[in-house]
*Asks:* 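I have a structure I would like to understand better, so I am pasting it below and will then ask my questions one at a time.
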Amino acid sequence: MSDKISLKSAISIGIGGMVGGGIFAVLGLAVSLSKGATPVAFLFAGIVAFITSYSYVKLTLKFPDNGGTVKFINEGFGKTIFSGSINNLLWISYIIMLSLYASAFGSYAPNLLELSGSVKIDTHIYSSAIIIIATIINYYSVKVVSTIESYSVAIKLIILIAFIGIGIYGLFGNPNLSQLSATNWESPIQILTAGMVILVAYEGFELIANAGSNIINPKINIPKAYYYSVGFVILLYIIISIVTVGSLSFDTIKSAEEYVLAKAAKPMLGKLGFTVMTVAALISTFSAINASLYGGSRVSYQIAKDDELPHELTGKFWNQPIGLIITAIATLILVNFLKLESISTAGSVGFLIIFAVVNYVGFKLSKQINAKRWIPTIGLILCTISLIVLIIKQFESNRIGVIVALSIVALCFIIEYFYKNTEKKTK
């Protein structure tokens, strides 16, 4: 029974996976893209995540496995070039998320301690250092990773809920509250684009799938774990975005885009609020980096075990899957060469494709998994439309981000194609 996971723990995995570095990294970006409609943008993204969670519920109940998403994709398509490519994309999307979290850590940390006198240099130093530290911790002890995650989920939720409570009180009489009116909203297409750019703030619910085989009373607790965690986080993000947009002017948010939550706490609690929220951001992003490094290394191991990447990736380096060091090095490269919006766009493109594929699997296997076919169909349509809108709109303003995202997707297919063909010849 020691390996069994309660409903409370399963919900914590979902909430912890979503409320990691995402909200701290992309809130300012969401405001810059959608202005007063930021809460609506978070709602759009949340709806896509919530509908997709239905397919995850049904697939987790039918195929409980530590492989999670990897297992579902293989069940839907077999071990083909396509399934292998999508699973490779999942691993790379973990790396992109790590870059996002590290970028957020690097943006918040200089507010507490400047190192070089240059914010840009300090950001790169902190972003790189935290990846290296988290990698060392993962090599040292998986138990330490688990302990950090357990405490950090509680700490960041307490601080964020306190921020909401004080923030709502501070909205009364605040002149910036008018920024939330429809006159300050961007166009519906732009709001949808913003929602899809920040979809990365929700992707963590898929971590529940990896724990599916260990959840107590799965028929009752697996659906609750997904729906409760996603529903709670949608509400949390909407309220946080209302408090932020209602508290600070758009110009102030723009100037502090990469650490806007700390800035939003300052008018309410002064320097202390700014410092507390900065500490919360550092704890959240650090724990997210720790957990994602662990998860990413396990995904690479599972893909190699399923014969969709070279079997060398099932080997170990310093008593941990070799994918851990590869994930860490790739993250260091991305975080030091891509801007925040490009990282976020690449991550959202990756997860929209993955969620679309999982919804398709839910549709395809609907009878086998006892699912209502129309719900995965809506999920597939929403993910596909959102992906197209995101690529078209971001190509106008963030061409490099779109090119990087599409290049990553193409690379996943090229690698898998050559691997499968080389393997055939070898056999």
Side-chain angles (χ1 to χ4, degrees), residues 17-18 41 43-60 62-63 67-78 80-94 96-97 189 192-209 226 230 234 299 303 308 344-366 368-369 371-395 401-402 404-413 416:
M18 287 181 278
L43 177 62
F44 276 171
I47 288 169
V48 172
F50 195 83
I51 292 174
T52 301
S53 70
Y54 176 83
S55 294
Y56 269 93
V57 166
K58 295 298 183 179
L59 289 164
T60 305
K62 183 65 179 178
F63 309 111
T69 302
V70 174
K71 172 73 172 176
F72 305 156
I73 292 168
N74 287 342
E75 286 292 335
F77 296 94
T80 61
I81 290 174
F82 180 80
S83 62
S85 301
I86 299 299
N87 286 330
N88 290 343
L89 180 62
L90 177 64
W91 181 22
I92 293 179
S93 295
Y94 265 93
I96 292 167
M97 292 309 302
I189 291 292
L192 176 60
T193 304
M196 293 310 101
V197 169
I198 59 177
L199 181 76
V200 289
Y202 287 103
E203 59 78 30
F205 76 84
E206 63 99 24
L207 292 173
I208 296 172
Y226 278 105
V230 177
I234 291 171
V299 165
I303 296 169
E308 293 171 332
S344 188
T345 299
S348 291
V349 166
F351 276 105
L352 275 170
I353 292 171
I354 291 159
F355 287 167
V357 170
V358 171
N359 277 310
Y360 176 75
V361 172
F363 165 81
K364 184 180 179 182
L365 304 180
S366 56
Q368 191 179 340
I369 64 176
K372 294 175 182 176
R373 185 176 267 198
W374 64 271
I375 299 177
T377 303
I378 291 173
L380 173 60
I381 292 168
L382 278 177
C383 288
T384 305
I385 292 171
S386 299
L387 179 64
I388 293 167
V389 170
L390 175 63
I391 290 171
I392 291 171
K393 290 298 290 182
Q394 279 288 285
F395 192 74
V402 173
V404 168
L406 295 180
S407 298
I408 287 170
V409 175
L411 182 65
C412 290
F413 277 86
E416 191 64 22

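Position 1 is the first residue of the sequence, and the numbers go up from there.
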*Asks:* Hey, are the side chains of Ile208 and Tyr56 touching, using non-hydrogen atoms and a 4.5 Å cut-off?
*Replies:*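 Of all side-chain heavy-atom pairs linking Tyr56 with Ile208, none is under 4.5 Å.
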*Asks:* Which heavy-atom pair separates Ser93 from Phe351 by the least distance, and what is that distance?
*Replies:*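 Looking at all heavy atoms of both residues, the shortest contact is CB-CE1, 3.6 Å.
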*Asks:* Between Leu199 and Leu352, is a side-chain contact (heavy atoms from CB on, under 4.5 Å) present by the stated rule, with each step listed?
*Replies:* CA-CA 8 Å; Leu199 181 76; Leu352 275 170; 3.6 Å; yes
*Asks:* Verify side-chain contact (heavy atoms from CB on, under 4.5 Å) between Tyr54 and Asn359, making sure each step is shown before the conclusion.
*Replies:* CA-CA 9 Å; Tyr54 176 83; Asn359 277 310; over 6 Å; no
*Asks:* Ring-plane angle category for Phe82 and Phe413, please: parallel below 30°, perpendicular beyond 60°, tilted otherwise.
*Replies:*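 Geometry flag for Phe413 against Phe82: tilted rings.
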*Asks:* Could you tell me whether a side-chain N or O of Tyr202 sits under 3.5 Å from a main-chain N or O of Ile47, the two making a donor and an acceptor?
*Replies:*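 The answer is no, because no donor-acceptor pair under 3.5 Å joins these two groups.
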*Asks:* Evaluate the side-chain proximity of Leu90 to Ile303: yes if any heavy-atom separation is below 4.5 Å, no if none is.
*Replies:*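 Of all side-chain heavy-atom pairs linking Leu90 with Ile303, none is under 4.5 Å.
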*Asks:* Atom CD1 of Ile385 and atom CG of Leu192: how far apart are they, to the nearest 0.5 Å?
*Replies:*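 If we round to the nearest 0.5 Å, Ile385:CD1 and Leu192:CG are 8.5 Å apart.
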*Asks:* What's the separation between atom CG in Leu89 and atom CD1 in Ile354, rounded to the nearest 0.5 Å?
*Replies:*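 With rounding to 0.5 Å, CG (Leu89) is 4.5 Å from CD1 (Ile354).
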*Asks:* Nearest heavy-atom pair of Ala346 and Ala405: which atoms, and what distance?
*Replies:*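 Ala346 and Ala405 have their closest heavy atoms at CA-CB, 3.7 Å.
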*Asks:* Side chains of Glu308 and Asn74, heavy atoms from C-beta outward: is any pair under 4.5 Å?
*Replies:*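 Glu308 vs Asn74: side chains touch.
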*Asks:* Counting distance only, does the side-chain N/O of Ser83 pair as donor-acceptor with the main-chain N or O of Gly78 below 3.5 Å?
*Replies:*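 Yes, Ser83 side chain to Gly78 backbone: donor-acceptor pair under 3.5 Å.
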*Asks:* Between the side chain of Ser348 and the main-chain N/O of Thr345, is any donor-acceptor distance below 3.5 Å?
*Replies:*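 Side chain of Ser348 to backbone of Thr345, a donor-acceptor pair under 3.5 Å: no, none is there.
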*Asks:* Are Phe205 and Thr52 packed together at the side-chain level, in the sense that at least one heavy-atom pair is separated by less than 4.5 angstrom?
*Replies:*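 Contact flag for Phe205/Thr52 side chains = yes.
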*Asks:* Minimum heavy-atom separation for Ser386 and Met196, please, with both atom names.
*Replies:*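 Of all heavy-atom pairs spanning Ser386 and Met196, the closest is CB-SD, 3.1 Å.
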*Asks:* Once the angle between the rings of Phe63 and Phe72 is folded into 0 to 90°, is it parallel (under 30°), tilted (30 to 60°) or perpendicular (over 60°)?
*Replies:*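 The arrangement is tilted - the two ring planes meet at 30° to 60°.
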*Asks:* Give a yes/no verdict on a cation-pi contact between Lys364 and Phe77, requiring under 6.0 Å between NZ or CZ and the six-membered ring centre and an angle within 45° of the axis.
*Replies:*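 Yes.
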*Asks:* Tell me, with the steps shown, if Ile375 and Lys58 meet side-chain contact (heavy atoms from CB on, under 4.5 Å).
*Replies:* CA-CA 11 Å; Ile375 299 177; Lys58 295 298 183 179; over 6 Å; no
*Asks:* side-chain contact (heavy atoms from CB on, under 4.5 Å), that's the test. Do Gln394 and Thr193 meet it? Break it down for me.
*Replies:* CA-CA 8 Å; Gln394 279 288 285; Thr193 304; 4.2 Å; yes
*Asks:* Can you tell me how far the OG1 atom of Thr60 sits from the NZ atom of Lys71, to the nearest 0.5 Å?
*Replies:*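 Interatomic distance, Thr60 OG1 to Lys71 NZ, rounded to 0.5 Å: 12.0 Å.
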*Asks:* Minimum heavy-atom separation for Arg373 and Ser366, please, with both atom names.
*Replies:*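 Closest approach of Arg373 to Ser366, heavy atoms only: NE-OG, 3.2 Å.
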*Asks:* What pair of heavy atoms forms the shortest contact from Glu416 to Ser85, and how long is it?
*Replies:*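 Taking every non-hydrogen atom into account, CB-OG, 3.3 Å.
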*Asks:* Does any N or O in the side chain of Ser344 come within less than 3.5 Å of the main-chain N or O of Val197, such that one atom is a donor and the other an acceptor?
*Replies:*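 Yes; judged by distance alone, with no hydrogens or angles, the pair exists.
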*Asks:* Is the shortest side-chain heavy-atom distance between Val230 and Met18 below 4.5 Å?
*Replies:*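 Result yes, sub-4.5 Å side-chain heavy-atom pair found.
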*Asks:* If I compare all heavy atoms of Cys383 with all of Val48, which pair ends up nearest, and what's the gap?
*Replies:*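 Taking every non-hydrogen atom into account, SG-CG1, 3.8 Å.
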*Asks:* Leu380 versus Phe363: any side-chain heavy-atom pair under 4.5 Å?
*Replies:*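 No, side chains not in contact.
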*Asks:* Quick one: do Ser55 and Tyr360 satisfy side chain to side chain donor-acceptor pair (under 3.5 Å)? Show the steps, please.
*Replies:* CA-CA 9 Å; Ser55 294; Tyr360 176 75; over 6 Å; no
